[in-house]
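Worth saying up front: this structure is predicted, and the values here are computed from it rather than measured.
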Amino acid sequence: MSFLRFILAILFLVSIFGVSNAHYKLSPTFYALTCPNVIHVVRDVMEQIQRRDVRAGAKIIRLHFHDCFVNGCDGSVLLDNATGIISEKDANPNVGIGGSDIVDEIKTALENVCPGVVSCADILALASEIGVVLAGGPSWLVPLGRRDGLTANRSGANTDIPSPTETLDVMIPQFTRKGLGLTDLVALSGAHTFGRARCRTFNQRLFNFNGTGRPDPTLDPNYLQTLQRLCPQGGNGGTFANLDKSTPDQFDNHYFTNLKNHQGLLQTDQELFSTSGSSTIGIVNNYANNQYKFFDDFVCSMIKMGNVGVLTGTKGEIRKDCKRVN
């Protein structure tokens, strides 16, 4: 009888989870038995790095975003060039992107405790949440169980990741193709409440916007002068500017207040508020007036984005080194 109950239990589990990867679900407790201290390990490393690099959280969340928008959240953005692999790191949106070294530190710490268990894709998701919390933002239970991809997609990175000079008409379909709506677009853009951007990502707004020979008219004049001094014509395109001029290292809703004041740094930022007739304007106003609402929606959108195109079950692998396949 006990053997029969065992068989029935197996059949019950199969009926729930199925035998194909399509039936596996991410779960915050995925590593409860195989690596129960995973969150503590990732948090400890992130706290150490944050003390020496205030941009750590912003770097990781950008990596997570760029990862999920190409082939899904599979850690492909972390792969170096190798035989059969054309790295996404050399795609235009990823040139100069930071954070891979942070992932490597976390991976090393986890391999010392739980070798071959925690995926690089899950490290990106977990470290993003912890980075937000360390900067004063909301906390959430991160669904886990992603596996790492076996290839990269540089051409996809060049087409699927929004560039900093996109219009809203271009960005909306880029999000829609990933199953993300207008609220997700605005909420996830709110991650620009901390971190930096290089002059070359926005200097087209300062002097010759869209070939007009004039600055972007949506820029506040005083803010424009500040940016022109920081990023003069013919200057160093690698100079950093704060994405949020008010509280550059805090995760809060000041980013949206800046947009209302026409002080968004990137064109993609200001488009959310300055595109006439767009439904995003109301969302920006809502978040500027209600930080709790922004936090709630941001959490929902991060979880939603973190489920895009995930590999589970027996698909992919658990990389030993996040820079290369096993």
Side-chain angles (χ1 to χ4, degrees), residues 13-14 16-35 38-39 42 60-89 91 93-94 97 99-100 102-104 106-107 110-111 114-129 140-161 174-175 177-180 184 188 301-326:
L13 289 173
V14 169
I16 295 177
F17 296 105
V19 294
S20 70
N21 290 281
H23 293 85
Y24 285 87
K25 301 294 185 183
L26 303 184
S27 168
T29 60
F30 183 82
Y31 296 111
L33 298 179
T34 55
C35 193
V38 57
I39 295 176
V42 177
I60 285 292
I61 205 168
R62 183 186 179 202
L63 265 182
H64 184 37
F65 179 93
H66 285 212
D67 182 40
C68 292
F69 264 62
V70 183
N71 287 4
C73 310
D74 66 347
S76 62
V77 71
L78 301 170
L79 290 171
D80 285 343
N81 286 311
T83 303
I85 294 176
I86 302 175
S87 176
E88 295 171 20
K89 294 179 181 179
N94 292 331
I97 194 170
S100 294
I102 300 173
V103 175
D104 290 340
I106 296 171
K107 182 63 172 174
L110 285 170
E111 287 296 302
C114 314
V117 173
V118 181
S119 69
C120 303
D122 274 348
I123 289 174
L124 284 173
L126 262 179
S128 292
E129 186 270 344
W140 64 94
L141 294 176
V142 179
L144 301 168
R146 300 166 191 80
R147 290 170 66 83
D148 298 319
L150 302 175
T151 188
N153 183 359
R154 184 185 298 176
S155 62
N158 279 321
T159 57
D160 292 356
I161 299 172
Q174 289 176 315
F175 276 72
R177 286 194 292 269
K178 306 303 176 185
L180 303 170
D184 301 310
L188 292 171
S301 293
M302 283 294 293
I303 293 173
K304 191 174 177 182
M305 184 188 75
N307 276 274
V308 171
V310 296
L311 301 175
T312 58
T314 57
K315 289 186 176 180
E317 66 179 11
I318 306 299
R319 286 185 215 141
K320 298 175 183 177
D321 182 339
C322 293
K323 298 186 297 297
R324 55 185 61 88
V325 297
N326 294 340

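- Note on Lys89 versus Asp80: salt bridge recorded, some NZ/NE/NH1/NH2 to OD/OE distance being below 4.0 Å.
- With rounding to the nearest 0.5 angstrom, the CZ atom of Arg147 is 8.5 Å from the CG atom of Leu311.
- When all heavy atoms of Arg146 and Leu26 are compared, the pair lying nearest together is N-CD2, 3.7 Å.
- Between the side chain of Asp74 and the backbone N or O of Ala121 there is no donor-acceptor pair closer than 3.5 Å.
- In terms of heavy atoms, Ile60 sits closest to Ile102 at CD1-CG2, 3.8 Å.
- Classification of the Phe65-Phe175 ring pair by plane angle, with boundaries at 30° and 60°, yields tilted.
- A donor atom on one side chain and an acceptor atom on the other are not found under 3.5 Å apart for Asn81 and Ser87.
- When all heavy atoms are compared, the tightest approach of Ala157 to Pro93 is O-CG, 3.3 Å.
- For Asn326 (side chain) and Lys320 (main-chain N/O), a donor-acceptor pair under 3.5 Å exists by modelled atom type.
- Formation of a donor-acceptor pair under 3.5 Å by the Arg319 side chain with backbone atoms of Gly75 is found in this model.
- Of all non-hydrogen atoms in Cys73 and Met305, the two that sit nearest each other are SG-O, 3.2 Å.
- Taking every heavy atom of both residues into account, Thr159 and Gln174 meet most closely at O-NE2, 3.3 Å.
- Panel note: side chain Asp104, backbone Cys322; no donor-acceptor pair is recorded below 3.5 Å.
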Please tabulate, for side-chain N and O atoms in residues 28-35, each donor-acceptor pair with protein atoms closer than 3.5 Å (sequence neighbours left out).
from: Thr29; atom 1: OG1; to: Ser27; atom 2: OG; distance (Å): 2.9
from: Tyr31; atom 1: OH; to: Ser119; atom 2: N; distance (Å): 3.4
from: Tyr31; atom 1: OH; to: Asp122; atom 2: OD2; distance (Å): 2.6

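- Distance check: Ile61 CD1 to Asp67 CG gives 13.0 Å after rounding to the nearest 0.5 Å.
- A donor-acceptor pair under 3.5 Å is absent between the side-chain atoms of Lys315 and the main chain of Gly149, judged by distance alone.
- Taken to the nearest 0.5 Å, the CG atom of Asn94 stands 4.5 Å off from the CD1 atom of Ile161.
- Separation of atoms SG (Cys68) and NZ (Lys304) is listed at 13.5 Å; rounding is to 0.5 Å.
- Of the possible polar contacts, one joining the Glu88 side chain to the Asn153 backbone as a donor-acceptor pair under 3.5 Å is found.
- The closest side-chain heavy-atom distance from Ile303 to Pro143 is below 4.5 Å.
- The two residues Asn71 and Ser76 make their nearest non-hydrogen contact at CB-OG, 4.3 Å.
- In this structure, SG in Cys120 is found 9.0 Å from NZ in Lys323, a value given to the nearest 0.5 Å.
- Using a 4.5 Å cut-off on side-chain heavy atoms (C-beta onward), Leu126 and Ile106 make no contact.
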Take Val117 and Ile318 through the side chain to side chain contact (heavy atoms under 4.5 Å, CB included) test and state the conclusion after the steps. CA-CA 7 Å; Val117 173; Ile318 306 299; 5.8 Å; no
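- Between the NZ atom in Lys107 and the CG atom in Leu78 there is a gap of 10.5 Å [rounded to 0.5 Å].
- More than 12 non-hydrogen atoms from other residues, nucleotides or ligands lie less than 6.0 angstrom from CD1 of Ile85.
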